[in-house]
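To keep things clear, I will list the structure first and then write my remarks on it.
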Amino acid sequence: MDVLLHIFVGLHIIGIASLLGGFLTQMKAMGAGTARFVPAMLHGALTMLVTGVVLVGLNQAQDYAVDNIKIGVKLALLIVILGLVYVKRDEEKVDKGVFGLVGLLTVANIFIAVLWT
C-alpha cells in the first residue's frame with residue numbers, strides 16, 4: 001500500500017509541476033499583457049485534484065493522521081485555481097491580475113503543503 005501512496009505523491013507533484021510550469025512559461029507574456037492559460041495548467045490542476053483526493057483516501061484507509069483543516073485549505077485554493085483556469089481557458093488574453101492570482105495561489109498551495117505541519 002505504501003508503494004501506491006508514493007506513486008500518487010509522485011503524480012501529485014507532476015500535477016503541481018505542470019500547473020506552475022505553465023504559469024512560469026507565460027510570465028514574460030504576462031508582462032506584455034498577452035498571457036493565457038495553457039492546457040498544461042488545466043491538466044495539472046485536475047491531476048492535483050484527483051491525486052489529492054486519492055492521497056487523502058489512501059492515508060485514511062491506512063489510519064495515518066490526516067490534517068483535515070490543512071487539506072480543506074489546500075482544496076479551497078485548488079478549487080479557486082481550477083475555476084479560474086477552466087473559465088478563462090479559451091480566452092486569447094487573460095487579465096494580468098487574474099493570471100497573477102493563479103500563480104500566487106499555486107505558490108501558496110505549495111508552501112502550505114511544505115510548511116504546514
Side-chain angles (χ1 to χ4, degrees):
M1 189 72 108
D2 282 338
V3 172
L4 190 60
L5 189 67
H6 292 300
I7 289 171
F8 277 98
V9 168
L11 291 172
H12 196 68
I13 292 170
I14 290 170
I16 193 72
S18 178
L19 177 59
L20 186 62
F23 173 78
L24 292 175
T25 60
Q26 293 290 306
M27 291 259 322
K28 186 174 182 181
M30 184 176 78
T34 59
R36 61 185 307 262
F37 291 128
V38 295
M41 295 175 74
L42 177 62
H43 297 164
L46 287 170
T47 300
M48 287 177 59
L49 179 64
V50 171
T51 57
V53 169
V54 170
L55 284 169
V56 169
L58 288 173
N59 278 302
Q60 287 181 341
Q62 291 186 332
D63 289 330
Y64 292 158
V66 175
D67 187 346
N68 290 320
I69 296 173
K70 174 183 174 179
I71 299 302
V73 169
K74 287 180 53 59
L75 179 62
L77 291 177
L78 183 58
I79 288 173
V80 171
I81 291 167
L82 192 54
L84 289 171
V85 173
Y86 184 78
V87 168
K88 303 279 187 179
R89 73 188 184 282
D90 292 330
E91 293 185 11
E92 287 297 319
K93 296 179 186 177
V94 177
D95 181 57
K96 288 181 184 181
V98 173
F99 195 80
L101 179 63
V102 168
L104 179 68
L105 292 176
T106 300
V107 171
N109 215 345
I110 292 168
F111 279 106
I112 288 170
V114 174
L115 299 176
W116 188 333
T117 55

#### Entry: ILVMFWY cluster, Leu104 and Val102 together (side-chain gap under 4.5 Å)
no
### Thr106 OG1 to Leu101 CG distance, which is reported to the nearest 0.5 Å
9.0 Å
### Task
Report yes or no: do Met1 and Val56 belong to one cluster of Ile/Leu/Val/Met/Phe/Trp/Tyr joined by side chain heavy-atom distances under 4.5 Å?
no
### Query
Looking at Leu105, Ile13, Leu20, which hits side-chain contact (heavy atoms from CB on, under 4.5 Å) with Ile110?
Leu20
Could you list the donor-acceptor pairs under 3.5 angstrom formed between side-chain atoms of residues 65-94 and any protein atom two or more places apart in sequence or on another chain?
residue, atom, partner, partner atom, Å
Asp67, OD1, Ile69, N, 3.3
Asp67, OD1, Lys70, N, 3.4
Asp67, OD2, Trp116, NE1, 3.3
Lys70, NZ, Ala113, O, 3.2
Lys70, NZ, Trp116, O, 3.0
Lys74, NZ, Asn109, O, 3.4
Lys74, NZ, Asn109, OD1, 2.8
Arg89, NH1, Tyr86, O, 2.6

## Note on the structure
Sequence neighbours excluded, the answer for ring pair (Phe, Tyr, Trp, His ring centres under 6.0 Å) partners of Phe23 is Phe99
### Task
First locate atom CD1 of Ile7, then atom CG of Leu55, and finally report the distance between them rounded to the nearest 0.5 Å.
11.0 Å
### Query
Does any pair with a residue in residues 11-27 pass side chain to side chain donor-acceptor pair (under 3.5 Å), and if so which ones, sequence neighbours excluded?
His12-Thr51
### Query
Taking side chain as C-beta onward, heavy atoms only, is Phe37 less than 4.5 Å from Val98?
yes
### Task
Is it possible for you to say whether Leu58 and Val9 belong to one hydrophobic cluster, with membership spreading through side-chain heavy-atom contacts below 4.5 Å?
yes
#### Entry: Spacing of CD1 belonging to Ile14 relative to NE2 belonging to His43, to within rounding of 0.5 Å
15.0 Å
#### Entry: Closest heavy-atom pair and its distance - Met48, Leu19
SD-CD2, 4.0 Å
